[in-house]
Amino acid sequence: MMNNALTLTLEWFLNPDHLPFIAGIHTGAYQKSELDIAALSDVHYAKLWQ
């Protein structure tokens, strides 16, 4: 079975560009397509490289 998991790291603040991803998660659209999508929004990019 293929692993269809993906974690999106959004900018440290939410903005309108993130709306399609958030809507897909909350409406279950990704799950219907057998995709396991999660989004992180409280992570600053500088912390990812430490």
Side-chain angles (χ1 to χ4, degrees):
M1 182 174 189
M2 186 186 301
N3 183 357
N4 293 327
L6 174 70
T7 300
L8 299 172
T9 304
L10 306 178
E11 296 166 330
W12 60 276
F13 59 92
L14 293 176
N15 67 55
D17 295 340
H18 303 140
L19 186 57
F21 300 113
I22 295 167
I25 291 169
H26 285 280
T27 63
Y30 295 124
Q31 285 183 332
K32 291 176 188 173
S33 298
E34 299 182 8
L35 297 171
D36 181 13
I37 306 293
L40 302 175
S41 62
D42 60 348
V43 178
H44 193 281
Y45 286 124
K47 292 180 182 178
L48 293 175
W49 305 110
Q50 293 178 352

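- Residues forming a side chain to side chain donor-acceptor pair (under 3.5 Å) with Asp17 (at least two apart in sequence, or on another chain): none.
- Ala23 meets the side-chain contact (heavy atoms from CB on, under 4.5 Å) test with no other residue; sequence neighbours excluded.
- With sequence neighbours excluded, the residues forming a side-chain contact (heavy atoms from CB on, under 4.5 Å) with Ile37 are Leu6, Leu8, Ile25, Tyr30, Leu35, listed by chain and number.
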